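Worksheet for the structure shown next.
Every chain is numbered from 1 and lettered A, B, ... according to where its sequence line falls, protein lines coming before strand lines. As a basis for the values below, the full set of heavy atoms in this structure was taken, side chains included, without hydrogen atoms, waters or symmetry mates. The shown structure was predicted, so the numbers you read here are calculated from the model rather than taken from an experiment.
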Number of protein chains: 2
Amino acid sequence: MNSPKRTTIYDVAEEAGVAASTVSRALRNPRRVNAATREHVLRVAERLGYRPSPLATALQSGRTATVAMLVPDITNPHFFGTIRGAERRASAAGITFILSYTEESADNERNQIEHLARSVDGFILASSRMSDEGLWEMAEEHNLALVNREVRGLPSAVVDSRVGSRQIVEHLASLGHRSLVYLSGPHQSWPAGERWRGLRDGARNLGIRATRLGPFPPRVVGGGAAADAVLVTGATAVVAHNDLLAIGVLRRLAERGVSVPEQISVVGYDDIFGADFCVPALTTLAGPQDEAGRSAVELLLENRSRSTARTPDRRVMLPSHLVIRDSTGPAPA
Amino acid sequence: MNSPKRTTIYDVAEEAGVAASTVSRALRNPRRVNAATREHVLRVAERLGYRPSPLATALQSGRTATVAMLVPDITNPHFFGTIRGAERRASAAGITFILSYTEESADNERNQIEHLARSVDGFILASSRMSDEGLWEMAEEHNLALVNREVRGLPSAVVDSRVGSRQIVEHLASLGHRSLVYLSGPHQSWPAGERWRGLRDGARNLGIRATRLGPFPPRVVGGGAAADAVLVTGATAVVAHNDLLAIGVLRRLAERGVSVPEQISVVGYDDIFGADFCVPALTTLAGPQDEAGRSAVELLLENRSRSTARTPDRRVMLPSHLVIRDSTGPAPA
DNA sequence: CGTGTCGTGGCAAGCGATTGCCAAAAGTTG
DNA sequence: CAACTTTTGGCAATCGCTTGCCACGACACG
């Protein structure tokens with residue numbers, strides 16, 4: 001506990017026979033102090049086991065060396081990669097990483113930001129539920145970086161799903177499929193729009209038919225209704241908004257005795273943990289989610305001193321790739 | 001950004017025509033100030049959009065309203081439940097949640113604690129890699145709560161795996177198995193010891209043979225070697241240290257054409273995401289991991305003002321239950 | 001040798017709250 | 001109505017660190 005008062009910069013100063021300011025400079029601003037003095041101060045600090053107080057530092061300097069990541073839904077494995085990447089990058093830069101969940105609500109997101117605003121240098125908003133306008137407004141006051149969401153004027157790191165979606169279409173077309181169904185995620189979901197556009201455009205180019213159903217909750221449980229909806233369309237290929245939904249679809253199809261991929265091919269997005277060992281193993285569009293998290297932290301760091309000039313909005317686009325497994329196959333004759 | 005200086009307690013004080021101290025009291029210590037004054041101050045604060053600075057508060061009062069959770073390995077889904085539970089509980093109490101990974105290293109763990117010590121009210125150590133001695137030492141200086149680890153004198157929240165392990169043995173024995181193999185996790189792992197003891201004792205009671213192999217890395221990739229090791233023993237039942245390892249075993253067995261559960265029954269621990277849709281679906285000992293996370297936060301909160309008396313060490317033991325799926329079946333004749 | 005420059009270190013004013021202590025105002029009591 | 005207690009609000013110190021400004025000495029230069 002804090003009972004045995006921790007050693008402060010003053011303790012070090014006294015012990016070293018210098019002023020507190022000198023200690024501070026020796027630590028933060030090496031060139032501002034004589035090499036010998038500095039060496040001495042450092043040694044004393046070390047001996048006393050001195051640790052700076054991040055709070056005091058932050059209060060004074062305004063820099064907290066902390067970032068917060070806001071994620072809509074903690075139960076969604078999709079975010080694990082992003083969280084991991086962001087945490088790693090932050091950690092490597094000596095930056096404290098705060099994780100918080102917004103329970104899928106834009107209001108909640110706003111509140112969290114407001115609540116943490118003074119304690120962090122910036123926010124990583126993963127799959128934000130806020131509107132573009134809301135984000136712009138927030139960005140006036142706070143340092144933001146978006147993950148898997150693009151908004152004009154705001155820095156973002158996204159895994160491509162537009163180009164990847166075309167690859168999906170090409171893959172399916174090459175297997176002889178003439179039509180596909182996209183099982184859409186939530187309406188406000190930015191990637192859902194991207195994916196659909198990619199699929200639609202790809203389909204148009206290749207002269208096959210693409211239709212969209214939904215929205216469905218992007219979770220395993222959503223797969224039941226989704227699968228049934230697909231069956232009535234008679235489609236031979238279905239692309240689910242994400243792997244969870246795809247897995248739910250696989251389940252329901254198995255229940256109903258529809259064989260995959262013989263009768264229907266199924267594709268997902270994200271390549272989450274488990275996509276390789278569900279049955280049949282899922283064909284899915286994989287992307288470097290952890291890279292996205294990493295990049296987001298970097299965008300935040302770049303923007304730290306944005307107080308003066310507005311940096312041009314940086315956008316990082318990470319390439320995705322199609323992982324072909326057992327859930328896709330030749331279209332039935 | 002911070003350019004438009006955020007409103008402070010002084011701004012509110014001036015606007016309301018009172019002293020800063022009054023504002024502070026109106027906010028924190030309502031009974032210390034006249035109801036009318038208080039009402040007025042609150043209104044002004046609201047109008048000015050005042051938000052207290054957590055940093056300043058923490059610096060002065062010593063309470064940070066923040067907890068940190070240290071997890072050895074971010075890639076292990078086992079921790080997701082615990083993280084979720086802890087985050088939720090913290091969030092509900094208005095407490096900021098810091099998440100950090102220790103990369104499986106005790107040293108790293110120690111460093112992280114040292115690094116964050118001034119910024120948090122306490123630490124949740126999930127599956128700590130530190131020795132008992134190390135933990136005692138840390139507990140002298142810091143407010144700790146352990147998850148899935150019991151150490152004398154320290155508060156902890158653990159999911160029972162001892163009793164649960166007996167249930168596993170009973171389940172297997174009832175299916176006619178006369179011997180089982182435990183695929184052990186890392187040697188320093190506390191649950192590994194518990195599980196083994198539970199299995200061994202259970203086996204002794206029921207007159208069946210239990211042997212231990214390992215240690216194996218508790219990940220899917222560890223399953224390959226583990227499965228092969230099992231096969232040479234000729235055992236009919238194998239209990240893996242966790243679901244990841246179990247899934248790896250399932251895979252390898254499938255590769256080698258060994259059918260589960262006809263030839264070998266497989267059991268895991270944790271009931272992670274995916275355990276229900278791998279093939280065959282995994283029989284596993286499920287526990288309320290999120291409860292453990294939640295409890296850990298509560299232990300920390302109880303102990304917040306521990307500066308004076310040492311509270312008796314609180315231990316929370318959460319019950320586990322066996323989820324029987326398709327990976328276990330009657331012993332082969 | 002006088003003066004200008006540069007390198008160093010110290011002083012002290014914050015950063016934004018909390019809180020012990022005190023004094024003025026209000027309420028109580030005989 | 002005097003004496004005393006209780007409320008209530010303000011002053012100022014404090015938490016631990018950063019940083020602008022100043023001063024002092026060393027050094028270089030003309």
Margin query: Checking side-chain polar atoms at under 3.5 Å, does B/Asn148 have a donor or acceptor matched by the opposite partner on B/Ser127?
Written below: no

Next item on the list: Using whole Å, report how far CG of A/Asp11 lies from P of D/dG16.
Entry: 9 Å

Item checked: Electrostatic pair A/Arg51-B/Glu141, nearest N-O below 4.0 angstrom -> no

Note to self: Strictly distance-based, threshold 3.5 Å: is any side-chain N or O of A/Arg149 a donor or acceptor partner for the main-chain N or O of A/Ser128?
What the structure shows: yes

Check: Do B/Thr102 and B/Gln112 get their side chains close enough for a donor-acceptor pair, meaning under 3.5 Å?
Finding: no

Note to self: With a 4.0 Å cutoff (strictly under), does any side-chain N or O of A/Tyr50 reach OP1 or OP2 of D/dC17?
What the structure shows: yes

Item checked: Length of the CZ-C1' vector between A/Arg6 and D/dC17, whole Å -> 16 Å

Next item on the list: Using atom CD1 of B/Ile9 as one end and atom P of C/dC15 as the other, report the distance to the nearest whole Å.
Entry: 14 Å

Notebook entry, point to check: A/Arg63 side chain N/O closer than 4.0 Å to the phosphate oxygens (OP1, OP2) of D/dT19?
Noted result: yes

Next item on the list: Can you tell me the distance, in whole Å, between the CG atom of A/Leu59 and the C1' atom of C/dT18?
Entry: 13 Å

Notebook entry, point to check: Please give, in whole Å, the distance from D/dT14 P to A/Tyr10 OH?
Noted result: 11 Å

Next item on the list: Show the numbers, then the answer: is there a side chain to side chain contact (heavy atoms under 4.5 Å, CB included) between B/Thr66 and B/Ser119?
Entry: CA-CA 7 Å; B/Thr66 303; B/Ser119 324; over 6 Å; no

Checklist line | Carboxylate-amine/guanidinium contact A/Glu291 A/Arg89, below 4.0 Å | finding: no

Item checked: Atom pair distance, as rounded to whole Å: CZ in A/Arg38 and P in C/dG7 -> 17 Å

Notebook entry, point to check: Is a salt bridge present between A/Glu39 and A/Arg43, judged by a nitrogen-to-oxygen distance below 4.0 Å?
Noted result: yes

Note to self: Angle between the end axes of the helix from C/dC1-D/dG30 to C/dG30-D/dC1, five pairs per end, to the nearest 10 degrees?
What the structure shows: 40°

Item checked: By side chain to side chain donor-acceptor pair (under 3.5 Å) - contacts of B/Asp73 (at least two apart) -> B/Thr75

Check: What are the residues of residues 14-34 of chain A, sorted by number, that bring a heavy atom to within less than 4.0 Å of DNA chain C?
Finding: A/Val18, A/Ala19, A/Ser21, A/Thr22, A/Arg25, A/Arg32, A/Val33, A/Asn34

Checklist line | Minimal non-hydrogen separation, B/Val33 against B/Ala26, with atom names | finding: CG1-CA, 3.8 Å

Checklist line | OP1 or OP2 of D/dG9 under 4.0 Å from side-chain N/O of B/Thr37 | finding: yes

Item checked: Distance, rounded to the nearest Å, where B/Gln60 contributes CD and C/dA17 contributes C1' -> 7 Å

